[in-house]
Amino acid sequence: MPLNKKLTVGPSPHVRSGATTTGIMLDVIIALVPALIASVYYFGPGALALAGVCVGTCMAAEYLSRKAMKRPNTLGDLSAIVTGLLLAFNLPVSFPLWMAAIGAVVAIVVVKQFFGGLGKNFVNPALLARIVLFLSFGKQMTSWTAPFAWKNGPDAVTTATPLNLFKLNGLYLVDNMKNIESTPGMPSMLKMFFGERGGSLGEVCAVALILGGAYLLFRRVITPVIPLTYVGTFAAVMLLAGKGDLAFVGYQVLGGGLLLGAIFMATDYATSPINIKGQLIFAAGCGLLTAAIRLFGSMPEGVSFSIILMNLLVPHIERWTLPKAFGTPKEKRKENEKSGVKT
Amino acid sequence: MNHIRQKGVLKASARNRGGVGVSHNKNTAGCETVRMPAPSKVTLAMRQHIGAPCRPTVSVGDTVGVGQKIGDSDKYCSAPIHASVSGVVTAIGPLPLASGEIAEAVTIESDGEMRLFEGIAPPKADTKEEFLAAVRESGLVGLGGAGFPAHVKLNIPQGVEIDTLIINAAECEPYITVDYRECIENSWDILSGVRVVKDMLAIKNVVIAVEDNKPEAIAEMKKVADNFQDTGDEIKVMSLRSRYPQGAEKMMIRSVTGRKVPPGKLPSAVGCLVMNVASVSFLARYLKTGKPLVSRSLTVDGSAIAKPGNVRAPIGTLISELIDFCGGFKADPYKIIAGGPMMGSAVIGTDFPTLKQYNAILAFAENTFRLKKERDCIRCGRCAFVCPLNLVPTAIMDAAKAGNVPMIERLSADTCMECGSCAYVCPSGIPLVQYLRLAKAIKNKAGEEQCR
Ligand code: SF4
Ligand code: SF4
């Protein structure tokens, strides 16, 4: 039988799995939805507006910068939406929208596209943008609205975040730890868990974040290595620092952006190591740094800085932990390490 | 699928890392092998193996019989080519092959009689030397797809001790069922082939390894193997996890013995010899009859094939005639693959002959493909996670793009067996295997330049 069409040729394999970049990003977006709903519940429609502006600006920035650089349009991979959502999750609800838009442009254009786009950026775009905003608009970045304040009229009530209260009241000192729950303004552990506290949009509701994380695990978008090591290392240090005070550890894990960072930021593919050994080192480093900043630093929170710092170390971590090919004999491994081929 | 544990069947001694769970699609498992009648002509490429190409030993106009040698080489690492039909040699010269490369080939117009060459007689194979010489004369190459000359593989150098012979019936590639059919239909041939190799090379242990998605094959192998128990040397049957690429030599050895073949080393380095099940079965028949490798079984399947099945076809049959024998196309073919979908190669057309190494011809209509848009690498790590050899394909790709030879070496790119697991899972649809080949090519080129 003659062929009436030309056959397609291409390299093997000729079958492919169903996983796609777009699908993965869609899963991340789905996993972020519970936390988004929680933020609207606690902080009102303003949260939705902020998320909308961040996402919209990220998408526009992605489209325009790719166009300006004469590169193919990548809106379809949905990664700009993820960056937009994560950026919004790191901002307080009262943050001016135009400032948020600046952050979105920084995240997409400066951090992501200048370095070649998705997968090539070496720090997390949303986190670096957050730090840039923090350094430029410190006051707006640290004015926190009380949960449910949006229901009680136009005069938003400001509040302090739990970690602010820790710093203000010297709760990091072992002697004061028994006062944690009686500190004025400190939400109960239960409220911490469900998110009725001051903080940025996406970080407050631990339940929603854990739910999203479980979804990502279930969909195999992430593995438990980074989140568990990060939170585990952090909790272990805090347990030591608090001389075994469990309430202290609980408040530390739930307060601030630790869960958001551990589940959604530190697991970012582009800026975390590929192999498990590297991931362990990376995540443990994040945990140690976060604990150190909170315990000894002047800032109340350290998740963003820790992750960014560890992001910068990823190329080195990967070099140290390069896996050896199947069957490489033990002596050969040592030899390789000694000769240390520079990369 | 029936994964019931069968009595007396061994379980794997180690579990390999990585790999992918591709859907098996063994649609033709129930199709008994049918013998294809003489095709109108065959084209026999002079290179159907790894090693030195053969030179034609016949001339245009010669009348040849089935099994007559028509090509050979004076190099040791080569395998002679035999006429697969009886008839007249009509052309000798360079011809394009299905892969697009050009090779010298002999075309034989068939007289339709399939008359056996008179000179065929059972070979003398009483000593190891005679046996190896006979194997070379048979033209046998690894029928699993690699095409490595069998006599070279069986010629274990002095001082190297082989304690385990592994018969590879894993057949981990989707669609292909020829090895499965071999186990069911020719189980006694397999067993006598095993006996010969075992005795000739004085190997202590024999393990026939089958993936656990083929319980009937395991049962059949077990049945015949039990018949040899009285002779004292037991032949064992092992059921392996069905996970691609279980049939790859290194993975197979690890599963069966727990040993790891070091990078750049042969299986003999860890005392193993792996042979494809169809190869040993052929060997038994050859030693009995003296009829060299002139035909082999192929699975013809895929969404564009009207009547899929398993066909024993003369080597050198045109792909188009083979497909016509299977009812032709029922849909426009979009891609035709020689071999399995994971490691086979796409052919450029159907007017090309089959080779000894082909174990399948798969023709697919367009809608059966899951085409992914090729995007930038997102560093998701899936490729490294699934690589059975513990490589980091995305890093090798970067090194290849940058032409960074020390890095390519450090990443052990040349260990890659091109199993395709990495490219299979890549969510960004990156043809990683192509980059791995590129990396190896760059490294080889750099090596050559240094030698100069
Ligand atoms: S699987 Fe594809 S996208 Fe993921 S790291 Fe490997 S090459 Fe990159
Ligand atoms: S093709 Fe090579 S790099 Fe890719 S999974 Fe297979 S062995 Fe590993």
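Order of the sequence lines sets the chain letters (A, B, ...), proteins ahead of strands, with each chain counted from 1.
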Checklist entry - Any donor and acceptor pair, going by atom type alone, linking the side chain of B:Thr415 with main-chain N or O of A:Ala325 inside 3.5 Å? => result no
Checklist entry - Counting N and O atoms only, with roles assigned by atom type, does the side chain of A:Thr20 sit under 3.5 Å from a partner on the main chain of B:Pro427, one being a donor and the other an acceptor? => result no
Item to check | Choice from A:Gly119, A:Pro13, A:Gly18, A:Pro273 maximising heavy atom contacts with chain B below 4.5 Å | outcome: A:Pro13
Next on the checklist: Quick check on the structure: residues of residues 431-441 of chain B within a heavy-atom distance below 4.5 Å of chain A, by number.
Outcome noted: B:Pro431, B:Val433, B:Gln434, B:Arg437
Checklist entry - Do A:His14 side-chain atoms and B:Gly344 backbone N/O form a donor-acceptor pair below 3.5 Å? => result yes
Item to check | Segment of A:Thr223 engaging chain B (4.5 angstrom heavy-atom cut-off) | outcome: neither
Item to check | Neighbours of chain A found in residues 383-392 of chain B - heavy atoms under 4.5 Å | outcome: B:Ala384, B:Pro388, B:Leu389, B:Asn390, B:Leu391, B:Val392
Item to check | Interchain contact, A:Asp268 with chain B, by part (heavy-atom threshold 4.5 Å) | outcome: neither
Checklist entry - Rounded to the nearest 0.5 Å, how far does NZ of B:Lys373 lie from OG1 of A:Thr22? => result 8.0 Å
Checklist entry - In terms of heavy-atom pairs under 4.5 Å, which option from B:Gly429, B:Cys416, B:Ala423 contacts chain A the most? => result B:Ala423
Checklist entry - Is any side-chain heavy atom of B:Arg379 less than 4.5 Å from a side-chain heavy atom of A:Val314? => result yes
Checklist outcome for this item: So, the part of A:Leu118 with a heavy atom under 4.5 Å from chain B: the answer is both
Item to check | Polar contact flag, side-chain donor to acceptor under 3.5 angstrom, A:Thr328-B:Lys260 | outcome: no
Checklist entry - To the nearest 0.5 Å, what is the distance between OG (B:Ser412) and CG (A:Leu322)? => result 7.5 Å
Checklist outcome for this item: CD1 (A:Ile24) and CD1 (B:Ile378) are apart, to the nearest 0.5 Å, by 4.0 Å
